[in-house]
Amino acid sequence: MSNREVRVRFAPSPTGPLHMGGVRTALFNYLFAKRHGGKFILRIEDTDQTRFVPGAEEYIMESLAWCGISFDEGIREGGAFGPYRQSDRKSLYKQYSDQLVESGAAYMAFDTPEELETMRTKLETENAAIRQYNAGTRMGMRNSLSLSEAEVKTLLAAGTPYVVRFKLPNNEDIVINDIIRGEVTFNSLQLDDKVLFKSDGMPTYHLANVVDDYLMKISHVIRGEEWLPSMPLHVLLYRAFGWEAVMPEFAHLPLLLKPVGKGKLSKRDGDKMGFPVFPMQWKDPETGEFSRGYREDGYFAEAFVNLLALLGWNSGTEQEIFTMQALTELFGFDRVSKSGARFDPEKAKWFNHQYLQLKTDAELASLYQKFLQQKGIKVEESVLVKIVPHVKQRVNFVHEMWEQSAFFFVAPESYDEKSAKKNWKEQTPELMTKLAEVLEACTEFTANVTETTVKAWIEANQHGMGAVMNAFRLAIVGAPQGPHMFDIIEVLGKTETLKRLKKAIETIK
RNA sequence: GGUCCAUUCGUCUAGCGGUUAGGACACUAGAUUUUCAUUCUAGUAACAGGGGUUCGAUUCCCCUAUGGACUACCA
């Protein structure tokens, strides 16, 4: 690896919400930058004006901020290499395009979309081996290479729209080193003379990306595997510009695949299988349709980052839980795998479970209180601090604590029929009445004291643990669920406990 | 169709010529238990196939198969 300053960029296109695969690409860039004390840059690639989606740019920045992925330079952060939005750099690209045309590395093409379409279908029906617009076909098209100088002049004078195409070498092997994949070989005949500059006055991704990476002194291009096929074009561009000496190194990340079936992970999979594919909720400005997000679904940002980091990378140890800090110290491409990773929503939940257990009771109480507030339930945080430790290990998300602890806040309105049938026998009301007396007599209503007292009473009278406790649970909780009974009644307090017992005795038949 | 990339338990993965092929998620069983969970213990489960190279291949090479990506005046 060269010893120049590490400068990497995340270059999304603001055409919609950022997919979790995109977040992972950003994450790996960020980790690599931090690991090497380099800079991380956000560059917005919006050269296609027709695909602009309002709010997408903000969404990208907010999602990454939520994840704890920060930029050193970008449209908000500023920096010495700006502007960082390609539409704001528009005036810059034409000269580079012209430079290539002048040097003969590129040419002007006047073909209309219809003509291109005709060529493609013709080549397809002919079953031609090469269907690209390149050395094999370009002389049959209308461009500054096939037309005479006079014809080109006439077309230009008439204001005929044209694009600038890269002139690929004929039948040349291009061998490139990818940090993750090693040596990859392409032949120029299989590539095509890509459009570099569009007739609307904007550069295409290919030109803009190379020019900007050069101007921003990018040292490593880290992006998804879908870009691998255009790597040779980009390398050829660096050569054509004479920038090969400062060309960045390339690393193409494996893709995130669907949990089941074929293909890469898409929005549809999330809808179908009930998991988010976006970091945050997104409202489509056109349709008003909502897509769920990890944040809104109750995932901790740390858990989300952690699970993303392990999709395609591993530490080489058996450790699976990593803080962002730890990741920045350990991350390296030598441990990034080459093959695509199928996303497993079940394991995602497990990660959140792990992070939830790591939170302090006070933190969880505070988060849970916010959730309860939205539900219109007002509970003191001091009470929640007592409840949380009894339910946290049973849940993956803060909101799931509700179903595990609702009975703490609301006395049972009805009683689980199945459990009643099984546990509420003829002599149960009498037994519960006695139990109430035993509890009433407890001077201290802690779990410790009540448990010792009640158990002693059961034993002394040979009542049977199951007979008492199952009915007791039904009376207090209303269903066969929840934590340890004596922990529950300690939180409930003597008065409420006795009240519920009494009501159950009167109600359950 | 073409090009490129990939291929270890169902899934994420460790392995970098000699291992009882390891871990995690999920699953199953047992233990614990006042319910449901948790927890603990145990278990099922993989080198895509075929050729080489080698004393020896999961590991290196080739072919096949399968999967994926790309194949726009989109990124």
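Residue numbers start from 1 in every chain, and the chains themselves are labelled A, B, ... in the order their sequence lines are given, proteins ahead of strands. Everything numeric in this text was worked out from a predicted model, so none of it was measured.
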Check your understanding: Is Glu45(A) paired with Arg85(A) through a side-chain N to carboxylate O contact shorter than 4.0 Å?
Key ->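 A salt bridge is absent here (no side-chain N lies under 4.0 Å from a carboxylate O).
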Is there a side-chain contact between [X] and the phosphate of [N], meaning an N or O under 4.0 Å from OP1 or OP2?
{"X": "Arg165(A)", "N": "rC73(B)", "value": "yes"}
{"X": "Ser13(A)", "N": "rC74(B)", "value": "no"}
{"X": "Lys194(A)", "N": "rC70(B)", "value": "no"}
{"X": "Asn470(A)", "N": "rU35(B)", "value": "no"}
{"X": "Lys198(A)", "N": "rC74(B)", "value": "yes"}
{"X": "Arg335(A)", "N": "rG15(B)", "value": "yes"}
{"X": "Thr204(A)", "N": "rC74(B)", "value": "no"}

Watson-Crick or G-U counterpart of [N], or none if no pair lies under 3.5 Å:
{"N": "rU54(B)", "answer": "none"}
{"N": "rU3(B)", "answer": "rA69(B)"}
{"N": "rA29(B)", "answer": "rU41(B)"}
{"N": "rA48(B)", "answer": "rU64(B)"}
{"N": "rA14(B)", "answer": "none"}

Heavy atoms only, 4.0 Å cut-off, all strands: where does [X] land among base, sugar-phosphate and nothing?
{"X": "Ser199(A)", "answer": "base"}
{"X": "Pro12(A)", "answer": "nothing"}
{"X": "Lys349(A)", "answer": "nothing"}
{"X": "Gly482(A)", "answer": "base"}
{"X": "Thr50(A)", "answer": "nothing"}
{"X": "Ser419(A)", "answer": "nothing"}
{"X": "Arg473(A)", "answer": "base"}
{"X": "Arg120(A)", "answer": "sugar-phosphate"}

Practice item. May I have all residue pairs that pass salt bridge (charged side-chain N to carboxylate O under 4.0 Å, His left out) and include part of residues 428-437 of chain A, sequence neighbours excluded? Key: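 Qualifying pairs, neighbours excluded: Glu430(A)-Lys434(A).
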Check your understanding: Which pairs with one or both residues in residues 252-264 of chain A pass salt bridge (charged side-chain N to carboxylate O under 4.0 Å, His left out), sequence neighbours excluded?
Key ->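 Every salt bridge (charged side-chain N to carboxylate O under 4.0 Å, His left out) pair that includes a residue of residues 252-264 of chain A, provided the two are not neighbours, is Lys258(A)-Asp269(A).
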Check your understanding: Taking the side chain as C-beta and beyond, is there a heavy-atom pair between Gln357(A) and Gln393(A) under 4.5 Å?
Key ->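 Touching, per the 4.5 Å side-chain cut-off.
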I need the [atom1]-[atom2] distance between [X] and [N], as an integer number of Å.
{"X": "Leu196(A)", "N": "rA72(B)", "atom1": "CG", "atom2": "P", "answer": "15 Å"}
{"X": "Leu207(A)", "N": "rC74(B)", "atom1": "CG", "atom2": "C1'", "answer": "15 Å"}
{"X": "Trp424(A)", "N": "rU35(B)", "atom1": "CH2", "atom2": "P", "answer": "17 Å"}
{"X": "Glu117(A)", "N": "rU71(B)", "atom1": "CD", "atom2": "P", "answer": "15 Å"}
{"X": "Glu57(A)", "N": "rA75(B)", "atom1": "CD", "atom2": "P", "answer": "16 Å"}

Polar atom pairs between nucleotides 38-47 of chain B and protein, under 3.5 Å, N or O only, would you list them?
from: rU38(B); atom 1: O2'; to: Gln393(A); atom 2: NE2; distance (Å): 2.8

Review point. In terms of the angle between their ring planes, are Phe275(A) and Phe343(A) parallel, tilted or perpendicular, with boundaries placed at 30° and 60°?
Key: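 Rings of Phe275(A) and Phe343(A): tilted, 30 to 60°.
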Check your understanding: Aromatic rings Phe333(A) and Phe331(A): how do their planes relate, parallel, tilted or perpendicular, breaks at 30° and 60°?
Key ->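 Ring orientation of Phe333(A) relative to Phe331(A): perpendicular.
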When the [atom1] atoms of [M] and [N] are compared, how many Å lie between them, rounded to an integer?
{"N": "rA57(B)", "M": "rA48(B)", "atom1": "P", "value": "16 Å"}
{"N": "rA46(B)", "M": "rG22(B)", "atom1": "P", "value": "11 Å"}
{"N": "rG67(B)", "M": "rU8(B)", "atom1": "C1'", "value": "15 Å"}
{"N": "rC70(B)", "M": "rU64(B)", "atom1": "P", "value": "24 Å"}
{"N": "rU32(B)", "M": "rC16(B)", "atom1": "P", "value": "42 Å"}
{"N": "rG18(B)", "M": "rU58(B)", "atom1": "C1'", "value": "12 Å"}
{"N": "rU41(B)", "M": "rG51(B)", "atom1": "P", "value": "43 Å"}
{"N": "rU33(B)", "M": "rU39(B)", "atom1": "C1'", "value": "11 Å"}

Point to revise | Selected nucleotide, minimal atom distance to Ala341(A) side chain, candidates rA69(B), rA75(B), rC12(B) | key: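 It is rC12(B).
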Review point. Does Glu286(A) CD have over 12 foreign heavy atoms under 6.0 Å away?
Key: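 Incorrect, the count does not exceed 12.
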Practice item. Could you pick out which residue, Ala109(A) or Pro480(A), lies toward the 5' side of RNA chain B when each is mapped onto its nearest nucleotide? Key: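 That would be Pro480(A).
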Exercise for review: Could you say whether Pro161(A) or Lys455(A) is positioned toward the 5' end of RNA chain B, judged by the nucleotide with the nearest heavy atom to each?
Suggested key: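 Between the two, 5'-proximity favours Lys455(A).
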Exercise for review: Kindly state each residue pair satisfying side chain to side chain donor-acceptor pair (under 3.5 Å) with at least one member in residues 307-318 of chain A, sequence neighbours excluded.
Suggested key: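 For residues 307-318 of chain A: Asn314(A)-Arg335(A), Ser315(A)-Thr317(A).
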Review point. Under the side chain to side chain donor-acceptor pair (under 3.5 Å) rule, what pairs show up with a residue in residues 452-461 of chain A, not counting sequence neighbours?
Key: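 Qualifying pairs, neighbours excluded: Glu451(A)-Lys455(A).
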Apply ring pair (Phe, Tyr, Trp, His ring centres under 6.0 Å) to [X] and list each qualifying residue two or more places apart in sequence or on a separate chain.
{"X": "Tyr415(A)", "answer": "none"}
{"X": "Phe110(A)", "answer": "Tyr162(A)"}
{"X": "Tyr214(A)", "answer": "Trp243(A)"}
{"X": "Tyr368(A)", "answer": "none"}

Exercise for review: Report yes or no: is the cationic atom of Arg43(A) (NZ for Lys, CZ for Arg) under 6.0 Å from the centre of the six-membered ring of Phe10(A), at an angle within 45° of the ring normal?
Suggested key: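 Verdict for Phe10(A): no cation-pi partner in Arg43(A).
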Check your understanding: Partners of Asp344(A) by salt bridge (charged side-chain N to carboxylate O under 4.0 Å, His left out), sequence neighbours excluded?
Key ->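 Salt bridge (charged side-chain N to carboxylate O under 4.0 Å, His left out) check on Asp344(A) returns nothing, list empty.
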Review point. What does nucleotides 2-10 of chain B look like as a protein-contact string, B for base, S for sugar-phosphate only, - for none, at under 4.0 angstrom between heavy atoms?
Key: SSSSSS---
Enumerate the protein-to-nucleotides 20-24 of chain B contacts in which both atoms are nitrogen or oxygen and the separation is below 3.5 Å.
from: rG22(B); atom 1: O2'; to: Glu318(A); atom 2: OE2; distance (Å): 3.2
from: rG23(B); atom 1: O4'; to: Glu318(A); atom 2: OE2; distance (Å): 3.2
from: rA24(B); atom 1: O4'; to: Glu320(A); atom 2: OE1; distance (Å): 3.2
from: rA24(B); atom 1: O2'; to: Glu320(A); atom 2: OE1; distance (Å): 2.4
from: rA24(B); atom 1: O2'; to: Lys347(A); atom 2: NZ; distance (Å): 2.8
from: rA24(B); atom 1: N3; to: Lys347(A); atom 2: NZ; distance (Å): 3.3

